[in-house]
S.K.: 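This structure is in structure tokens; I'll ask about it shortly.
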Amino acid sequence: MNIKNIAYSFVTFISVVVILIYAQSLILPFILGVLLWLMMRMLKSALEKIPLVRRGFPSWLKNLLAGGLIFLLINVLVNILSTNINSLRETLPSYEPNVDLIINKINQLFNVNLMNVVQEHSGDLNFGELLGGIFNSLSGLISNTFMIILYALFVLLEESNFKPKMRVIFPEERHYNRLMGIFAKIERSVSKYVKLKTIVSLITGVLSYIALAIIGVDSPVFWAFLIFILNFIPTIGSLIATLFPATFSLLQFGEFWPFLMVLLFVGLTQVLVGNVLEPRLMGSSMNISPLVTIMALSFWGFIWGITGMILSVPITVMMIIVCAQFDQTRRLAALLSENGRV
């Protein structure tokens, strides 16, 4: 590769990154809409396992039924989240006096002056702002729900015309079959990842909800949903999902025992599900190098924040599948993969 090609590649990469950053308000809802469409297809496939639905319902009615169930679930979820977020916003200022209480207890426990520095600056700490970023992210996601659903509907409507269009664009049979094979592999891999990761995250969220409700942490539904969402972030998601409710319990109660109990039970749930159940379900089907996973997590997190971290693995899976189909990029696919077999 000569210097000119390297320069072109570098300029192209920078241009793509700039577009991804500044056009994220347009691109992200579309990507989430496509994922929602994939979920509708998975639900449709599940419904087709019912003999009555498979034999008696036309395809459009199956789509309508799958879409209706998902939209009903989204509506219920949005209402529950909105209620919990508003409740937390109202009660959060009442927990701030516990900050000084916690600092004093730490000073007495360790008999050091290290926490005096924190105490001197505690007036500058606004714990409402610490959770405000999370609230704003979830609120932004909720406000974009209509656009995401709209994209999913249009993708669903376009589905029936997609193959005829590809026939016109790629009249040669081998090119058409190759393209359809790529799309099928992407759909199969991403659908499998989303389905299994959703199951694992749902189990983690439900078990965490039970633990938080028993301990008495406020708004356990919100924290369980946050754990469910953060569990989609590879590697660091489970750690963050444990620390947030644990730290909040410290502020809420002003005591160490609830903090330690949340840390123990929620953390134990994360360890058991993440290290025992998830490997059995997921296996090595994603075929992504752990180093590449961390790099993708960092890159997409820099580009799109928390949402980019959640989408980092599906996007990397798509890149590996597409790159593996062409001789010029097969080496890159092998580099991104876990075992080099693409």
S.K.: Rounded to the nearest 0.5 Å, how far does CZ of F225 lie from CG of L202?
M.R.: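 Separation between the atoms: 11.0 Å.
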S.K.: Output the distance between atom CE (M261) and atom CG (L212), rounded to the nearest 0.5 Å.
M.R.: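 Rounded to the nearest 0.5 Å, the CE-CG separation comes to 10.5 Å.
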S.K.: Roughly how far, to the nearest 0.5 Å, is the CG atom of L230 from the CD1 atom of I240?
M.R.: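 Nearest 0.5 Å value for the CD1-CG distance: 6.0 Å.
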S.K.: Determine whether I169 and I186 fall in the same hydrophobic cluster, where Ile, Leu, Val, Met, Phe, Trp and Tyr are linked whenever their side-chain heavy atoms lie under 4.5 Å apart.
M.R.: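 Hydrophobic grouping puts I169 apart from I186.
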S.K.: Are side-chain heavy atoms of V190 and Y193 found at a separation under 4.5 Å?
M.R.: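 They are not in contact (no side-chain heavy atoms under 4.5 Å apart), so the answer is no.
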S.K.: For residues Y209 and A224, report the shortest heavy-atom separation together with the two atoms involved.
M.R.: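 Result for this residue pair: CB-CB, 3.6 Å.
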S.K.: Using a cut-off of 6.0 Å, state whether more than 12 heavy atoms not belonging to F30 lie near its atom CZ.
M.R.: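 Open.
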S.K.: For the hydrophobic clusters of this structure (ILVMFWY residues joined by side-chain heavy atoms under 4.5 Å, transitively), does one cluster hold both I233 and L291?
M.R.: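 In one cluster: no.
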S.K.: Tell me, do L32 and L311 make a side-chain contact under 4.5 Å, heavy atoms counted?
M.R.: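 When only atoms from C-beta onward are counted, L311 and L32 do touch, with a gap below 4.5 Å.
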S.K.: Treat each ILVMFWY residue as a node, draw an edge where side-chain heavy atoms are under 4.5 Å apart, and state whether V34 and L28 are in one component.
M.R.: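 In one cluster with V34: L28, yes.
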S.K.: My understanding is that only residues two or more places apart in sequence, or in another chain, count here; which of them pass salt bridge (Lys or Arg N to Asp or Glu O under 4.0 Å) with R331?
M.R.: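 In terms of salt bridge (Lys or Arg N to Asp or Glu O under 4.0 Å), with neighbours along the sequence ignored, R331 is linked to no residue.
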S.K.: Calculate, to the nearest 0.5 Å, the distance between atoms CG and CD1 belonging to L26 and I31 respectively.
M.R.: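 That separation rounds to 11.5 Å.
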S.K.: Go through the steps to decide whether R167 and E172 satisfy the test salt bridge (charged side-chain N to carboxylate O under 4.0 Å, His left out), and finish with yes or no.
M.R.: CA-CA 8 Å; R167 281 283 186 186; E172 292 188 25; over 6 Å; no
S.K.: Any side-chain heavy atom of N63 within less than 4.5 Å of one from M40?
M.R.: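 N63 vs M40: side chains apart.
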S.K.: Measure across V322 and T329 and return the closest heavy-atom pair with its distance rounded to 0.1 Å.
M.R.: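 Result for this residue pair: O-OG1, 4.5 Å.
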S.K.: How close do A324 and A333 get, counting heavy atoms only, and between which atoms?
M.R.: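 Smallest heavy-atom distance, with atoms named: N-CB, 3.6 Å.
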S.K.: For L250 and F256, what are the C-alpha separation, side-chain angles and deciding distance, and is it a side chain to side chain contact (heavy atoms under 4.5 Å, CB included)?
M.R.: CA-CA 6 Å; L250 192 64; F256 290 109; 3.9 Å; yes
S.K.: Could you walk me through whether E48 and F57 pass the side chain to side chain contact (heavy atoms under 4.5 Å, CB included) check?
M.R.: CA-CA 9 Å; E48 287 177 342; F57 286 31; over 6 Å; no
S.K.: W300 versus I310: any side-chain heavy-atom pair under 4.5 Å?
M.R.: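 No, too far: nothing below the 4.5 Å cut-off.
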S.K.: Decide yes or no for F299 and V17: does some side-chain heavy atom of the first lie under 4.5 Å from some side-chain heavy atom of the second?
M.R.: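 A side-chain contact exists here, since the closest heavy-atom pair is under 4.5 Å.
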S.K.: Any chance the rings of F162 and F183 have centres within less than 6.0 Å?
M.R.: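 Centroid distance F162-F183: below 6.0 Å, so yes.
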S.K.: Do V276 and I199 belong to the same hydrophobic cluster, where Ile, Leu, Val, Met, Phe, Trp and Tyr are linked whenever their side-chain heavy atoms lie under 4.5 Å apart, directly or via other members?
M.R.: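 In one cluster with V276: I199, no.
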S.K.: Could you report the tightest heavy-atom contact between W304 and L20, atom names first, then the distance?
M.R.: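 That closest heavy-atom pairing would be NE1-O, 2.7 Å.
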S.K.: Working to the nearest 0.5 angstrom, can you tell me the gap between R330 CZ and L335 CG?
M.R.: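 Answer for the CZ-CG pair, R330 versus L335, is 14.5 Å.
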S.K.: Hey, does the side chain of S312 reach the backbone of M309 with a donor-acceptor pair shorter than 3.5 angstrom?
M.R.: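 Judged by distance alone, yes, a pair lies under 3.5 Å.
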S.K.: For A241 and V266, work out which heavy atoms get closest and say how close.
M.R.: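 What the structure gives for the nearest pair is O-CG1, 4.5 Å.
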S.K.: If you look at every heavy atom in A296 and T316, which pair is closest and at what distance?
M.R.: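 Residues A296 and T316, closest heavy atoms: CB-OG1, 3.4 Å.
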S.K.: Would you say I227 and Q270 make side-chain contact, with heavy atoms under 4.5 Å?
M.R.: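 A side-chain contact under 4.5 Å exists here.
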S.K.: Kindly indicate, with the supporting measurements, whether the criterion side chain to side chain contact (heavy atoms under 4.5 Å, CB included) is fulfilled by S249 and I215.
M.R.: CA-CA 9 Å; S249 68; I215 294 170; 5.8 Å; no
S.K.: Would a 4.5 Å heavy-atom cut-off, applied to side chains only, mark L36 and F71 as touching?
M.R.: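 Heavy-atom side-chain distance check passes, below 4.5 Å.
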S.K.: Should K62 and L47 count as side-chain neighbours, where that means a heavy-atom distance under 4.5 Å?
M.R.: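 They are not in contact (no side-chain heavy atoms under 4.5 Å apart), so the answer is no.
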S.K.: Please determine whether residues M318 and I303 belong to a single hydrophobic cluster, defined as Ile, Leu, Val, Met, Phe, Trp and Tyr linked transitively by side-chain heavy-atom distances below 4.5 Å.
M.R.: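 They do share one cluster, since a chain of ILVMFWY contacts under 4.5 Å joins M318 to I303.
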S.K.: Is the side chain of Q252 donor-acceptor paired with the backbone N or O of D218 at a distance under 3.5 Å, no angle test?
M.R.: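 Looks like yes, one N/O pair under 3.5 Å.
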S.K.: Could you go through the side chain to side chain contact (heavy atoms under 4.5 Å, CB included) check for L263 and L243 one step at a time?
M.R.: CA-CA 7 Å; L263 210 60; L243 289 177; 4.2 Å; yes
S.K.: Measure the spacing between NZ of K197 and CG of N231 and express it to the nearest 0.5 Å.
M.R.: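 It is 5.5 Å, given to the nearest 0.5 Å.
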S.K.: Please work out which of the three classes, parallel, tilted or perpendicular, describes the rings of F228 and F232, given edges at 30° and 60°.
M.R.: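 Answer is perpendicular, since the angle exceeds 60°.
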